Amino acid sequence: MNDDQLLRYSRHILLPEIGVEGQQAFVDARVLVVGAGGLGSPAAMYLAAAGVGTLVLVDDDDVDLTNLQRQILHTAESVGQPKVRSGQATLARLNPEVRVVPLAQRLAGEALSAEVAAADIVLDCSDNFDTRHAINRACFTHRKPLVSGAAIRFDGQLYVFDLRTADSPCYHCLFPEGEDVEQVRCAVMGVFAPITGIIGATQAAEALKLLAGIGTSLAGRVLLLDGLNMEWRSIGLGKDPACAVCAQNL
């Protein structure tokens with residue numbers, strides 16, 4: 001890091017758990033953020049502010065007026081623009097040292113596999129089960145840590161699947177693909193704006209901890225937020241021995 005970087009990130013460097021080595025790990029990292037909406041906005045902003053060297057921002061949607069209530073990467077001037085381009089501009093103003101790779105597409109197949117393989121860590125900030133399961137399979141294949149979040153109404157959920165370890169559960173262990181799981185969307189059910197901020201920012205925190213190798217991650221637990229009563233619950237999550245994705249790793 002140069003002198004300007006040492007000054008910019010000095011409040012991280014002052015933390016003995018992070019120090020120069022941890023901050024250098026952030027600067028050297030490549031993080032894949034799938035989704036530039038309610039969760040991806042605060043997650044990407046905190047990762048960029050923290051100095052993550054390369055952020056790959058993925059979203060195939062354009063900014064809509066209804067997004068602005070919670071998707072803080074975007075402004076009224078961004079309406080109609082691809083979310084990844086709007087997000088790239090916001091992150092450039094926030095920290096011009098961060099390289100943002102905008103991918104205005106729905107990643108799948110070989111393209112998804114290649115991006116996951118190139119990343120140090122993956123943040124799932126998407127809003128549908130098909131994408132979540134595809135990301136989970138790719139992360140398991142390439143043994144990449146996955147930080148996944150969800151928010152609807154006044155409720156939030158957060159999970160960390162550290163798929164570098166043999167005993168780690170995966171997203172499929174929690175939500176088996178093909179089961180009759182109700183898929184709800186903000187457009188129908190609504191969402192309290194700060195909930196997406198709380199969950200997205202916590203995703204960034206978990207990702208930074210994993211990059212620096214500090215603290216205790218959420219791996220093996222599910223963190224649930226009841227925002228209406230502002231109560232958190234932590235529930236243990238074990239590996240499903242019958243999981244169609246990761247059971248082979250037992």
Side-chain angles (χ1 to χ4, degrees), residues 31-50 52 54-96 98-108 111-112 115 122-135 147-159 175 181-207 224-230:
V31 176
L32 174 62
V33 180
V34 182
L39 300 174
S41 289
M45 292 177 76
Y46 271 110
L47 292 172
V52 168
T54 302
L55 283 175
V56 181
L57 192 61
V58 181
D59 201 303
D60 65 345
D61 201 5
D62 295 334
V63 180
D64 184 82
L65 188 62
T66 61
N67 301 150
L68 303 184
Q69 165 252 14
R70 65 200 177 281
Q71 299 182 16
I72 58 176
L73 265 178
H74 316 299
T75 66
E77 290 73 26
S78 305
V79 172
Q81 298 178 17
K83 286 185 179 179
V84 293
R85 291 295 180 184
S86 170
Q88 182 184 34
T90 299
L91 297 176
R93 290 191 295 270
L94 181 63
N95 188 350
V98 174
R99 175 173 174 254
V100 178
V101 180
L103 298 180
Q105 63 189 89
R106 184 178 291 271
L107 276 184
L112 173 60
E115 287 298 337
V122 178
L123 272 68
D124 179 359
C125 303
S126 65
D127 63 355
N128 67 88
F129 285 117
D130 289 342
T131 298
R132 291 179 181 277
H133 281 292
I135 293 169
V147 182
S148 183
I152 196 71
R153 305 184 187 93
F154 291 90
D155 301 320
Q157 300 177 1
L158 188 73
Y159 337 92
F175 297 110
V181 179
E182 181 185 8
Q183 185 158 293
V184 292
R185 295 181 179 275
C186 298
V188 178
M189 306 304 297
V191 61
F192 187 48
I195 294 297
T196 61
I198 294 168
I199 298 298
T202 309
Q203 285 183 263
E206 288 297 300
L224 304 174
L225 171 63
D226 172 0
L228 200 57
N229 297 297
M230 201 46 68

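In this text, all values refer to a predicted model and were calculated from it rather than measured experimentally.
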Test item: Q157 side-chain N/O and S148 main-chain N/O as donor-acceptor pair under 3.5 Å: no
Donor-acceptor under 3.5 Å (H74 side chain, T90 main chain): no
Which pair of non-hydrogen atoms, one from [X] and one from [Y], has the smallest distance, and what is that distance?
X: G38; Y: P42; answer: O-CD, 3.0 Å
X: A48; Y: L94; answer: CB-CD2, 4.3 Å
X: G149; Y: R132; answer: O-NH2, 2.7 Å
X: Q105; Y: A111; answer: NE2-CB, 4.3 Å
X: A207; Y: L123; answer: CB-CD1, 3.7 Å
X: I135; Y: L112; answer: N-CD2, 4.0 Å

Given side chains that start at C-beta, do those of [X] and [Y] come closer than 4.5 Å, heavy atoms only?
X: L73; Y: L91; answer: yes
X: V58; Y: E115; answer: no
X: V191; Y: R153; answer: no
X: L68; Y: Q71; answer: no

I'd like to check the side chain to side chain donor-acceptor pair (under 3.5 Å) partners of [X]; sequence neighbours left out, ordered by chain and number.
X: S41; result: none
X: T54; result: none
X: D64; result: T66

Residues that D61 engages under side chain to side chain contact (heavy atoms under 4.5 Å, CB included), provided they are two or more places apart: D59, K83
Set of side chain to side chain contact (heavy atoms under 4.5 Å, CB included) partners for Q88, sequence neighbours left out: R85, V100, P102
Results of ring pair (Phe, Tyr, Trp, His ring centres under 6.0 Å) for F192 - residues two or more places apart only: F154
Single hit among D127, D130, D60 for salt bridge (charged side-chain N to carboxylate O under 4.0 Å, His left out) with R106: D60
Qualifying residue, where the test is side-chain contact (heavy atoms from CB on, under 4.5 Å) with V56 and the options are L32, V122, V31: L32
Rounded distance (nearest 0.5 Å) linking atom [atom1] of [X] with atom [atom2] of [Y]:
X: D226; Y: D155; atom1: CG; atom2: CG; answer: 6.0 Å
X: L225; Y: L158; atom1: CG; atom2: CG; answer: 10.0 Å
X: I152; Y: T196; atom1: CD1; atom2: OG1; answer: 10.5 Å

S126 versus T131, side-chain donor and acceptor atoms under 3.5 Å: no
